[in-house]
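Owing to the predicted nature of the structure, the values given are computational and were not obtained by experimental measurement. A note on names: the letters A, B, ... follow the listed sequences, proteins ahead of strands, and every chain is numbered from 1.
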Number of protein chains: 2
Amino acid sequence: MELDDTDREILRILQEDARTPFSEVARRIDMSSATVHDRVNRMQEAGVIEGYHAKVDPREVGFGISAIVGLRVEQGREQDTLDRLSAVEGVQEIHLTTGEWDVMARVYAEDADALRELMFEEVAQMDGFARSQTMVVLGTEHETEELPV
Amino acid sequence: MELDDTDREILRILQEDARTPFSEVARRIDMSSATVHDRVNRMQEAGVIEGYHAKVDPREVGFGISAIVGLRVEQGREQDTLDRLSAVEGVQEIHLTTGEWDVMARVYAEDADALRELMFEEVAQMDGFARSQTMVVLGTEHETEELPV
DNA sequence: GCCGTCACCGACGAATCGACGGAGCGATTC
DNA sequence: GAATCGCTCCGTCGATTCGTCGGTGACGGC
């Protein structure tokens, strides 16, 4: 789908605050709310906008620790292993990568103990698991949901 | 802030679709919309809800490639280096970590060429930069914005 | 000149937002 | 046990927004 400047402006606004009323978006980009409505619908149908999500502070809901985990999996059973990994509670993202690791994952846990358990009792026990390295996140310097559209 | 089951249900709904009308949330959790309103306000003020963001498909806006980058920075000038890194367009997340790398970053670029340029011309040229390893994301197996509340 | 396409808009009824005051209720105090 | 407080929930209401539809004007093809 082709996006023009107006579409991109709308995306910018909704990336920053997805609950902005369309009438307010319309005011800012100097168009009618009906037009904004049309364009947002079009972008949703085309899959440009994949959804709208409330961002929750992990610490406030009991996730005191997070880690980035590099994984090696046995060749030939990657898919199987990944399916299992997806199902583990606390595993937020799973990426296949080039380089030192086959898979990079982002995990959240309540505390260091829970993280240890998650890694040793669940991840390391999976069929197809070869080895891993856990990099505990000490702090997040910068994190944005917004792509520079 | 203490969250009860009702709060968590509201969070679940808004994490999944942040544009769900409060009246609809109210119907689903069997309470009045005024109550939902009250609780959402409370959670926003307490910082439990940090914001609402439209999720945009990176490929649809011209980011055809993404990588996870491990970085070593010179001791004593971490902050300085991180500030510079934050300002680089396409750098989406920056985490301080234990383990093999001081910093893990997630970067987006238009294509392989743009990624190479981003890494060699911008990141590697930064004061305080020591060395890095780029793991290109071949695919994302699983990715959710939703924490298991 | 005619027609199709496209983007945009005005308008409108239905639904929602956002704010307020008050009801209900358990705990505390006197 | 009466009064008071704190807390949660809700009814209500005017202002705003949603979501839709038909219509207008610009543009290009034939």
Side-chain angles (χ1 to χ4, degrees), chain A residues 1-64 110 144-149, chain B residues 1-63 110 145-149:
Chain A
M1 175 186 177
E2 276 309 308
L3 299 173
D4 63 15
D5 290 349
T6 304
D7 291 324
R8 288 168 192 277
E9 273 196 84
I10 293 172
L11 286 182
R12 248 175 260 133
I13 293 169
L14 293 181
Q15 281 192 109
E16 193 184 324
D17 180 3
R19 286 190 78 96
T20 312
F22 291 167
S23 56
E24 165 68 17
V25 176
R27 272 191 289 276
R28 287 205 228 160
I29 66 173
D30 212 46
M31 291 206 169
S32 80
S33 64
T35 300
V36 174
H37 213 284
D38 287 350
R39 284 173 175 263
V40 169
N41 272 346
R42 201 154 19 96
M43 289 193 280
Q44 283 182 178
E45 275 154 31
V48 177
I49 297 175
E50 297 181 332
Y52 307 92
H53 305 283
K55 172 127 195 352
V56 172
D57 185 343
R59 272 166 308 194
E60 292 280 356
V61 291
F63 294 102
E110 190 183 339
T144 174
E145 321 288 316
E146 297 160 45
L147 293 165
V149 176
Chain B
M1 175 185 177
E2 276 310 308
L3 299 173
D4 63 17
D5 290 348
T6 305
D7 291 325
R8 289 170 192 276
E9 275 195 83
I10 294 172
L11 286 182
R12 248 174 261 133
I13 293 169
L14 293 182
Q15 281 192 111
E16 193 183 325
D17 181 2
R19 287 190 75 97
T20 312
F22 291 166
S23 55
E24 165 68 17
V25 176
R27 271 191 289 277
R28 287 204 229 160
I29 67 173
D30 212 48
M31 292 207 167
S32 79
S33 63
T35 301
V36 174
H37 212 285
D38 287 349
R39 284 172 177 262
V40 170
N41 272 346
R42 200 154 21 94
M43 289 192 280
Q44 284 182 179
E45 274 153 32
V48 177
I49 297 175
E50 297 180 333
Y52 307 92
H53 306 282
K55 172 126 196 351
V56 173
D57 185 342
R59 273 166 308 195
E60 291 280 355
V61 293
F63 294 102
E110 191 184 339
E145 322 287 316
E146 296 159 46
L147 292 166
V149 175

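- Side-chain contact between Asn41(B) and Gln44(B): present, with at least one pair of heavy atoms (C-beta onward) separated by less than 4.5 Å.
- By the salt bridge (Lys or Arg N to Asp or Glu O under 4.0 Å) test, Arg59(B) is found to be paired with Asp57(B), residues two or more places apart in sequence or in another chain being considered.
- In this structure, the side chains of Glu145(A) and Gln15(A) stay at 4.5 Å or more apart for every pair of heavy atoms.
- Within residues 44-56 of chain A, no residue has a heavy atom under 4.0 Å from DNA chain D.
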Got a list of protein N/O to nucleotides 20-29 of chain D N/O distances below 3.5 Å?
none

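- The two residues Ile13(B) and Ile29(B) make their nearest non-hydrogen contact at CD1-CG2, 4.0 Å.
- Summarising the geometry, the separation between CG on Leu3(B) and C1' on dT8(D) is reported as 15 Å, rounded to the nearest angstrom.
- Atom P of nucleotide dA7(C) and atom CE of Met43(A) are separated by 12 Å, given to the nearest angstrom.
- Every residue meeting the salt bridge (Lys or Arg N to Asp or Glu O under 4.0 Å) condition with Glu24(B), not counting sequence neighbours, appears here in chain and number order: Arg27(B), Arg28(B).
- Residues Asp4(A) and Arg39(A) form a side-chain contact, since some pair of their non-hydrogen atoms from C-beta on lies under 4.5 Å apart.
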Working note: Arg42(A) + Met1(A), criterion side chain to side chain contact (heavy atoms under 4.5 Å, CB included); need CA distance, chi angles, decisive distance, verdict.
CA-CA 9 Å; Arg42(A) 201 154 19 96; Met1(A) 175 186 177; 3.6 Å; yes
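- Within a 6.0 Å radius of CG in Asp5(A), other residues, nucleotides and ligands contribute 12 heavy atoms or fewer.
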Taking it one step at a time, do Leu11(A) and Leu3(A) satisfy side chain to side chain contact (heavy atoms under 4.5 Å, CB included)?
CA-CA 10 Å; Leu11(A) 286 182; Leu3(A) 299 173; 4.1 Å; yes
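- For Asp30(A), there are no side-chain contact (heavy atoms from CB on, under 4.5 Å) partners, not counting sequence neighbours.
- One finds a side-chain N or O of Thr35(B) lying less than 4.0 angstrom from the OP1 or OP2 phosphate oxygen of dC10(D).
- Straight-line distance from the CZ atom of Arg42(B) to the C1' atom of dG18(C): 16 Å, rounded to whole Å.
- Contacts of residues 7-32 of chain A with DNA chain C (heavy atom under 4.0 Å): Arg19(A), Met31(A), Ser32(A).
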